[in-house]
Visitor: 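Before I ask anything, here is the structure I am working with.
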Amino acid sequence: MPRGVHTRGMTQEVKSILNYIGGQFVRGKREFPDVNPADGTVIAQVAEADRSLVDDAVSAARSALRGEWGKLGVRERAVRLHRVADAVESRFDCFVASEVADTGKPVSLASKLDVPRAAANFRVFADIIKTAGLESFQTETPDGKAALNYAIRKPLGVVGIITPWNLPLLLLTWKDAPALACGNTVVVKPSEETPATATLLAEVMKEAGIPDGVYNVVHGFGPNSAGEFLTQHSDVNAVTFTGESQTGAAIMKTVAASVKPVSFELGGKNAAIVFADCDFDEAVKGISEAVFLNTGQVCLCAERVYVERTIFDRFVDALKRSAEKLQIGSPVEKSTEIGPLISAQHREKVLSYYRLARAEGATVVTGGGIPEFGSALDRGFYVQPTVYTGLSESARCVKEEIFGPVCHVAPFDTEEEAVDMANDTKYGLAASIWTSNLKRGHRIAQQMNVGITWVNCWFLRDLRTPFGGVGLSGIGREGGLHSLNFYSEPNNICIRL
Ligand code: NAD
Ligand code: 6OH
């Protein structure tokens, strides 16, 4: 049996990454390179799915709904999803190595966040689906008798899943796990920048006894490639997407023709508000993580930090020292905290904002350029962790998502001013508030125009909670029952008694 990701040796030298359709690993007519962002080397050739392979994947997914998978009860589906989690855990090092090679993220991060969360995503939704109920109503009828209404959950059918490159396996499984828990079949289109773990997961699905055709992977790009072919497909019942807001808008146009339900987790320009009464060291540590984790490539990252004026200078100085202490280097080194950005193109985008910040009149507190290593890493897509001050609230660098290791810090005098500045954005994904006055924490959290607010923490996740954004940050909520509600259709049954 051909394996989807051909690997050799301890260094995880990946050779070719294949599509996975109807239980078979499939090549395409064309290939594209998969590049290691740490040194610019090509680590794999990826099989691109053309329209006919996307058709094959969708019809494999449709057939699988009518096969063994469609007949399985909830309990047995949950057992299989736990087996998927077990299999991810048993190949932990392989997933970590693939994710690190594809994304350039530090091995410490992939081991702590991405791969454990993939397993947790399967376990959580396997458990939730077993206990999730739906409403029932005893209804009085006009003739004085009664009827019983109750709803059951049915799968949507074939779900198209399109994911980005920043947390590839975490975000894919965040959608795949609840979709499968609800009894759907899926066709996944991972980012062209990070194809490896989606195909590795296919090997795991096979081992875990997920029937052929239930989980399919097509590789390729967005417009006029696998992404668009999938969203256009008339036999795909719903599309769930994580990525840029503009891409969400393009997908929305495409799916409008066939009125497909969508769930969108999109970009952010998230604010952090730091009050003078915060635990100073904890706030500096927390904001440093919120700005620089994954080289700033997390949709939840704080790119706007508002600090009460009385501690502003001290805070900026402490954040500068924290940024300068971060270990930048090879993602495979255990001590590395900051890896490269995902691609040369994305680095150019981030550097264009570094130039723009200067042109807009920013003070560069630290960073603003490219680090030098004197090694092969100089061919990687690194930028320096960067902190700016001094921009006006209308500056483009304060308004637009940069998606790099960078923030702007601005002072505020009153609570109202801080709330107004934090909310003055077209995005609305997440916010964090740092204060030891919990009354104030609650008060401000309730005024934030976002989907997720953290108080004295950041990116602390309970997978049962609603996750998503307002405005340009998305449509709908996933997490816990919210995911089940998207990935299933309630069918209400009314019985006259
Ligand atoms: P992207 O929008 O460029 O690409 C995401 C995916 O969409 C890729 O698989 C891509 O091939 C595909 N795609 C692109 N155009 C398409 C089209 N026309 N039709 C169908 N598919 C298409 O995003 P990215 O650059 O990979 O990721 C970074 C962005 O994702 C940032 O804006 C970030 O904020 C956002 N993001 C949001 C969340 C969230 O939960 N809100 C999570 C992670 C990332
Ligand atoms: C965006 O980059 C991070 C998204 C995180 C989640 O979707 C999650 O479930 O933690």
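Keep in mind that this is a model prediction, so the values were computed, not measured. One-based numbering, in listed order, for ligands and for the atoms of each.
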Visitor: Which of the numbered atoms in ligand 2 are below 4.0 angstrom from a heavy atom of R461?
Guide: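 Taking each heavy atom of R461 in turn, ligand 2 has 8 (C), 9 (O), 10 (O) under 4.0 Å.
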Visitor: Take every heavy atom of R117, measure it against each atom of ligand 2, and state whether any distance is under 4.0 Å.
Guide: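 Yes.
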Visitor: Of all the atoms in ligand 2, which lie at a distance below 4.0 Å from a heavy atom belonging to E265?
Guide: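 That gives atoms 7 (O) of ligand 2.
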Visitor: Answer with yes or no whether the side chains of N237 and R62 bring together a donor and an acceptor at under 3.5 Å.
Guide: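 Short answer, yes.
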Visitor: Might you work through the side chain to side chain donor-acceptor pair (under 3.5 Å) test for T240 and Y487, ending with a clear yes or no?
Guide: CA-CA 9 Å; T240 178; Y487 294 105; 3.0 Å; yes
Visitor: Can you pull the side chain to side chain donor-acceptor pair (under 3.5 Å) pairs that have at least one residue in residues 399-409, sequence neighbours excluded?
Guide: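 Those involving residues 399-409 are Y353-E400, R396-E400.
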Visitor: Pairwise, report which nitrogen or oxygen atoms of ligand 1 are under 3.5 angstrom from protein nitrogen or oxygen atoms, and how far apart they are.
Guide:
unit_1   : atom_1 : unit_2 : atom_2 : d
ligand 1 : 2 (O)  : E244   : N      : 2.9
ligand 1 : 2 (O)  : T247   : OG1    : 2.6
ligand 1 : 9 (O)  : T163   : O      : 2.8
ligand 1 : 9 (O)  : K189   : NZ     : 3.0
ligand 1 : 11 (O) : K189   : NZ     : 2.7
ligand 1 : 11 (O) : E192   : OE1    : 2.7
ligand 1 : 23 (O) : E244   : N      : 3.4
ligand 1 : 25 (O) : W165   : NE1    : 2.9
ligand 1 : 26 (O) : W165   : NE1    : 3.1
ligand 1 : 30 (O) : G243   : O      : 3.4
ligand 1 : 32 (O) : E401   : OE1    : 2.7
ligand 1 : 34 (O) : E401   : OE2    : 2.5
ligand 1 : 40 (O) : E265   : OE1    : 3.3
ligand 1 : 41 (N) : L266   : N      : 3.1
ligand 1 : 41 (N) : L266   : O      : 2.5

Visitor: Less than 4.0 Å between a side-chain N and a carboxylate O, is that true for D86 and R123?
Guide: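 Salt bridge present between R123 and D86.
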Visitor: Between K105 and E99, does a salt bridge (charged side-chain N to carboxylate O under 4.0 Å, His left out) hold up when you go through it step by step?
Guide: CA-CA 8 Å; K105 71 177 64 205; E99 203 72 318; 5.4 Å; no
Visitor: Over all heavy atoms of both residues, which pair between Q384 and Y354 is shortest? Give the atoms and the distance, please.
Guide: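 For Q384 versus Y354, the nearest heavy atoms are O-OH, 2.9 Å.
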Visitor: Which is it for L167 and ligand 2 at heavy atoms under 4.0 Å: side chain, backbone, both or neither?
Guide: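 The answer is the side chain of L167.
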Visitor: Provide the number and element of each atom of ligand 2 under 4.0 Å from a heavy atom of F459.
Guide: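 Going through ligand 2 atom by atom, the ones under 4.0 Å from F459 are 10 (O).
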Visitor: Quick one: do the Y20 and E203 side chains pair a donor with an acceptor below 3.5 Å?
Guide: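 Judged by distance alone, the side chains do not pair up.
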Visitor: If you have a sec, work out which protein heavy atom is nearest atom 3 (C) of ligand 2 and how many Å separate them, to one decimal?
Guide: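 The closest heavy atom on the protein side is C299 SG, 3.0 Å.
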Visitor: Starting from the C-alpha separation in whole Å, work towards a yes-or-no answer on side chain to side chain contact (heavy atoms under 4.5 Å, CB included) for K189 and S225.
Guide: CA-CA 10 Å; K189 209 299 282 171; S225 181; over 6 Å; no
Visitor: List the closest protein heavy-atom neighbour of atom 5 (C) of ligand 2: residue, atom name, distance to the nearest 0.1 Å.
Guide: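 Scanning the protein heavy atoms, the shortest distance from atom 5 (C) of ligand 2 goes to F467 CZ, 3.5 Å.
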Visitor: For ligand 2, which atoms have a heavy atom of L171 less than 4.0 angstrom away?
Guide: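 Near L171, the atoms of ligand 2 are 4 (C), 5 (C), 6 (C), 7 (O).
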Visitor: Looking at V239, V159, T254, T231, which one forms a side chain to side chain contact (heavy atoms under 4.5 Å, CB included) with K260?
Guide: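 It is V239, the one option of V239, V159, T254, T231 that forms the side chain to side chain contact (heavy atoms under 4.5 Å, CB included) with K260.
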Visitor: Determine whether more than 12 heavy atoms belonging to other residues, nucleotides or ligands lie under 6.0 Å from atom NZ of K349.
Guide: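 Correct, the count exceeds 12.
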Visitor: Give the atom numbers and elements of ligand 2 that come within less than 4.0 Å of a heavy atom of N166.
Guide: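 Listed by number with element: 1 (C), 2 (O).
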